[in-house]
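Notes to accompany the following structure.
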There are 2 protein chains.
Amino acid sequence: MGAELKSAKEKFVESWGQMGGAWGINKTMARMHALLMISDVPLTADDIMAALAVSRGNTSMNLRALVDWGLVRRTSLPRDRKEYFTCEKDVWTMCCRIARERKKREIEPVIGAIDECLKEAGGDKEAAAFRKKLNELLELVRLLDFVLGKVGNQEKAAVLPKVLTLLKAMA
Amino acid sequence: MGAELKSAKEKFVESWGQMGGAWGINKTMARMHALLMISDVPLTADDIMAALAVSRGNTSMNLRALVDWGLVRRTSLPRDRKEYFTCEKDVWTMCCRIARERKKREIEPVIGAIDECLKEAGGDKEAAAFRKKLNELLELVRLLDFVLGKVGNQEKAAVLPKVLTLLKAMA
DNA sequence: TAGTACATTCAGAAGTAATTGAAAGTACGG
DNA sequence: CCGTACTTTCAATTACTTCTGAATGTACTA
């Protein structure tokens, strides 16, 4: 592989890792995701260890996390005891997976927490302003939940770019 | 204030802090935001220090960060040397501010990084698959950027709930 | 101008999260 | 079964982030 291309790929892996950091995602996990995205062949744990200079244990744990997020698949070839990892090919499908997970991990718990607070606040007059604010927040968060749910449940990820591009054309 | 209400408010502050953590936001900053959201009077740094049991320095820094995010305003009353802090009242306006900041801090840098990688990758045939993948990602990220831009630029935050509710009704 | 009342900064302490690597686990082939 | 080739786990370590509080800065008042 040409030196330019190699350096560009490394740059991309690092940038994606950086972005992961900003989004509260483990940086190494994001780098592994990037590496798999731009690899046109499945990679083994050893490949990834070598490419990113991380330990075996770390590689194992972060790959498992990526699989849990539904962003990476493990496959094993017959007559080969090694496991191979591949990234979801289609970026729109990837987008749906991320939406689904973020909804589940980040939005739903907030809805639950606000509900509980509302219950605990009681019906007193002095709690009225508090209840009102919680209800406003709930409405906002529920709408976010709804939107992420819609995106996350796309069966055919292919429709997503069309819908969004349409949205863009309308605006 | 009734004990129930007080406990419910504390619970809300802690939950919002928790959520901040999941979103890669400083937990204390998120707790301060929550506290200000549910306070019907402006608070001083001392009020916040006392309510959340954090140091003066920490309070000062996190409040500044909240002001930088456009989520909190400082106001000073005449004949009072103290500064008072208030949270943006309207949750939809708050939502716009968050969208604007996240676009600027998290999406735009990614677009820049991908662009740079594309430039560096060059036009070689062997880079074709890499360029293709980068372009797909770019399309996705640009759409996200667009959507956040739309939300963030709402002049009248009041239209946002209407648009979103409409979207919900349609689906 | 000095004193007071507040806010800000920042070096170091405390706390949290990521990482390593060696030991334990698993499963296949013979 | 046993050895081999791999993967996973986890206690200890390292790296990073947040927090503290004393020193410093700012600006109002008398």
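All values below were derived from every heavy atom in this structure, side-chain atoms included, with hydrogens, water molecules and symmetry-related copies excluded. Labels below follow one simple rule: chain letters A, B, ... track the order of the sequence lines, proteins then strands, and each chain is numbered from 1. Given the structure is predicted, the values throughout are model-derived calculations rather than measurements.
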Practice prompt. Send over the distance from A:Arg31 CZ to C:dA18 P, rounded to a whole Å.
Written response: 14 Å
Worksheet item: Under a 4.0 Å N-O cut-off, is there an ion pair linking B:Lys132 with B:Glu136?
Response: yes
Discussion item. Applying a 4.0 Å non-hydrogen cut-off, can you work out what A:Arg56 is touching in the nucleic acid: base, sugar-phosphate, or nothing?
Written reply: base
Discussion item. Just the rounded figure in Å: distance from P of D:dT20 to CG of B:Asn62.
Written reply: 10 Å
Worksheet item: With hydrophobic residues grouped by side-chain heavy-atom distances under 4.5 Å, do A:Leu144 and A:Ile111 end up in a single group?
Response: yes
Worksheet item: Do any side-chain nitrogens or oxygens of B:Asn58 fall under 4.0 Å of OP1 or OP2 in D:dG21?
Response: no
Worksheet item: Are B:Lys104 and B:Glu101 ion-paired here, with the side-chain N under 4.0 Å from a carboxylate O?
Response: yes
Worksheet item: Whole-Å distance between D:dC6 P and A:Leu63 CG?
Response: 16 Å
Worksheet item: Does a nitrogen or oxygen in the side chain of B:Thr28 sit under 4.0 Å from OP1 or OP2 of D:dT18?
Response: no
Item to complete: For B:Asp90 and B:Trp92, indicate whether the former's side chain and the latter's backbone hold a donor-acceptor pair under 3.5 Å.
Response: yes
Worksheet entry | Residue mapping more 5' on DNA chain C - nearest nucleotide basis, A:Met61 or A:Arg81 | A:Met61
Item to complete: Rounded to the nearest angstrom, tell me the gap between atom CE in A:Met49 and atom P in D:dC6.
Response: 12 Å
Fill in: Among D:dC19, C:dT20, D:dT7, the one nearest A:Ala45 by side-chain distance
D:dT7
Fill in: A:Thr44 vs B:Ala53, nearer the 5' end of DNA chain D by closest nucleotide
A:Thr44
Fill in: Distance, rounded to the nearest Å, where A:Asp46 contributes CG and D:dC6 contributes C1'
9 Å
Item to complete: Nearest whole angstrom, please: distance from the P of D:dT8 to the CG of A:Asp68.
Response: 11 Å
Worksheet item: If two hydrophobic side chains count as joined below 4.5 Å and joins carry through other members, does B:Leu5 share a cluster with B:Leu43?
Response: yes
Discussion item. Rounded to whole Å, how long is the line connecting atom CD of A:Glu83 with atom P of D:dC6?
Written reply: 11 Å
Discussion item. If I take atom CZ in residue B:Arg74 and atom P in nucleotide C:dC6, what distance separates them, rounded to the nearest angstrom?
Written reply: 15 Å
